[in-house]
Enquirer: 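Quick one: the structure is below, questions incoming.
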Number of protein chains: 2
Amino acid sequence: MGTVMERQTSQRHEIRRAFERTHRPLGAQEVLDIAGKRLPKLGIATVYRAINQLVEEGWLVTVKLPGEPTCKYELANKGHHHHFHCNDCGKVYDVDGCPGGLSDMVPDGFSLQGHDLVLYGQCDTCEKTAPR
Amino acid sequence: MGTVMERQTSQRHEIRRAFERTHRPLGAQEVLDIAGKRLPKLGIATVYRAINQLVEEGWLVTVKLPGEPTCKYELANKGHHHHFHCNDCGKVYDVDGCPGGLSDMVPDGFSLQGHDLVLYGQCDTCEKTAPR
DNA sequence: ATGATATTGATAATTCATTATCAACAAGTA
DNA sequence: TACTTGTTGATAATGAATTATCAATATCAT
């Protein structure tokens, strides 16, 4: 006793499962939609609590996307990568690689600590559906 | 009569002036801060009304920044460029240049139509204030 | 200058995401 | 099994940005 214990619950299990099986960044509401299919009584408050915990313990990281007012989350164990945002279906895909020459763009006197890059276009699925 | 007329007001003039003189994307509150120095009674509602008008007539464009829940605005007549977001003061600066090799990152079957890049770090002002 | 009306400013209302509350529930231990 | 207490779910509360309201004001054609 004396030690704070963390209990294993089906809710937290399903929330983690949602991230493990969906290979794109998810927002709180999306997590509720996905995990809620297996746990119909799951509440949004529990999702927020779980996400905050998972971020705190380093299992999730926040994903900031331009134009998305609320941030999404994804597994932390992915390496540095960027995202491809499909203009048609709105889904966000992980992409590997990283552009070079960023430090050349930094103004004098500024220090570069990080960067975000989002590619826009059509994903392969939408490319077939509505070729242009 | 019959024609809708748009009147020239000092408020709208000062709001446009804020964008013309500040070479970085501005949010509504920032516009109020800047234009409000010359028009102390300027209200935030007027700023929102003016911004919405200017976007509608194509004089401003929205700037979507990752992690910024609220979007900012800048002159539409700037060419393609990116932004530097100061982690300390939160200001956003324009930067020239554009990284190459983006098309190499695009997955097979995907088509690239555009991209957003945001650099993060410390601006020159914050660099001096809190060097690290 | 006058009048019609577009515009403003103060603020109430709205919207939405997130957090707090708290009684009911359930995981884990003895 | 029974008990302790961490966890949940429904919802109220909060916070922040944006929009609506409306009387007062200012612009512009006449």
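Protein chains get the first letters and strands the later ones, always in sequence-line order, with residue 1 at the start of each.
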Enquirer: Name every residue in residues 14-44 of chain B that has at least one heavy atom under 4.0 Å from any atom of DNA chain C, in order of residue number, or write none if there are no such residues.
Expert: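 By residue number: B/Lys41, B/Leu42, B/Gly43.
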Enquirer: Kindly give the cluster partners of B/Tyr120, where membership spreads through any ILVMFWY side chain lying under 4.5 Å from a current member.
Expert: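 Members alongside B/Tyr120: B/Val63, B/Leu65, B/Val92, B/Val118.
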Enquirer: Above 12 or not: heavy atoms from other molecules or residues under 6.0 Å from CD of A/Glu56?
Expert: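 Incorrect, the count does not exceed 12.
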Enquirer: Take atom CG of B/Asp124 as the centre, draw a 6.0 Å sphere, and report whether it contains more than 12 heavy atoms from other residues, nucleotides or ligands.
Expert: yes
Enquirer: Does a side-chain N or O of A/Tyr48 approach OP1 or OP2 of C/dT18 to a distance below 4.0 Å, or not?
Expert: yes
Enquirer: Counting side-chain heavy atoms from C-beta on, which of C/dA17, D/dT11, C/dT8 comes nearest to A/Ala45?
Expert: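 Of the options given, the side chain of A/Ala45 lies nearest D/dT11.
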Enquirer: Going hydrophobic residue to hydrophobic residue with side-chain gaps under 4.5 angstrom, can you get from B/Leu117 over to B/Val61?
Expert: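 No; tracing contacts between hydrophobic side chains, which count when under 4.5 Å, never links both residues.
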Enquirer: Which label fits A/His82 and A/His115: parallel for a plane angle under 30°, tilted from 30 to 60°, or perpendicular past 60°?
Expert: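 If you compare the ring of A/His82 with that of A/His115, the planes turn out tilted.
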Enquirer: Through what angle, rounded to 10 degrees, does the axis of the helix from C/dA1-D/dT30 to C/dA30-D/dT1 turn between its ends, using five pairs per end?
Expert: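 Between the first-five-pair axis and the last-five-pair axis there is 40°.
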Enquirer: With a 3.5 Å cut-off and no angle check, do the side chains of B/His83 and B/Asp94 form a donor-acceptor pair?
Expert: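 Distance-only check passes for B/His83 and B/Asp94.
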Enquirer: Using a distance-only test with no angle check, is there a side-chain donor-acceptor pair under 3.5 angstrom linking B/Glu68 and B/His85?
Expert: yes
Enquirer: Using heavy atoms to find the nearest nucleotide of DNA chain D for A/Gln11 and B/Cys71 separately, return the residue whose nucleotide is more 5′.
Expert: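 The residue closer to the strand's 5' end, by nearest nucleotide, is A/Gln11.
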Enquirer: So, is B/Arg12 near the phosphate of C/dT8, with a side-chain N or O under 4.0 Å from OP1 or OP2?
Expert: yes
Enquirer: Does anything in residues 23-37 of chain B pair up under salt bridge (charged side-chain N to carboxylate O under 4.0 Å, His left out), and if so which pairs, sequence neighbours excluded?
Expert: B/Arg24-B/Glu30, B/Glu30-B/Lys72
Enquirer: For a quick check, with a 4.0 angstrom heavy-atom cut-off, what is the B/S/- contact string for nucleotides 24-30 of chain C, read 5' to 3'?
Expert: --BBS--
Enquirer: Quick one: is A/Thr70 getting a side-chain N or O under 4.0 Å of the C/dA17 phosphate, OP1 or OP2?
Expert: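 Checking A/Thr70 against C/dA17: no side-chain N or O falls below 4.0 Å of OP1 or OP2.
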Enquirer: Please tell me if A/Asn52 has a side-chain N or O lying less than 4.0 Å from either OP1 or OP2 of C/dT18.
Expert: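 For A/Asn52, the contact criterion (side-chain N or O under 4.0 Å from OP1 or OP2 of C/dT18) is not met.
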Enquirer: Mind checking who shares a hydrophobic cluster with A/Leu39, ILVMFWY linked at side-chain heavy-atom distances under 4.5 Å?
Expert: A/Ile15, A/Phe19, A/Leu26, A/Val31, A/Leu32, A/Ile34, A/Leu42, A/Ile44, A/Val47, A/Tyr48, A/Ile51, A/Leu54, A/Val55, A/Trp59, A/Leu60, A/Tyr73, A/Leu75
Enquirer: Does a donor on one side chain and an acceptor on the other come within less than 3.5 Å for A/Gln122 and A/Asn87?
Expert: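 No - no donor-acceptor pair under 3.5 Å links their side chains.
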Enquirer: Nearest-Å distance, NE2 (B/His13) to P (D/dA26)?
Expert: 18 Å
Enquirer: Ignoring hydrogens and angles, are the base of D/dG9 and the side chain of A/Arg49 linked by a donor-acceptor pair under 3.5 Å?
Expert: yes
Enquirer: Calculate the interatomic distance between B/Lys72 atom NZ and D/dT18 atom C1'; express it in whole Å.
Expert: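 Rounded to whole Å, this separation is 15 Å.
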Enquirer: Main chain of A/Gln11, side chain of A/His13: is a donor-acceptor contact present, judged purely on distance under 3.5 Å?
Expert: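 Side chain of A/His13 to backbone of A/Gln11, a donor-acceptor pair under 3.5 Å: no, none is there.
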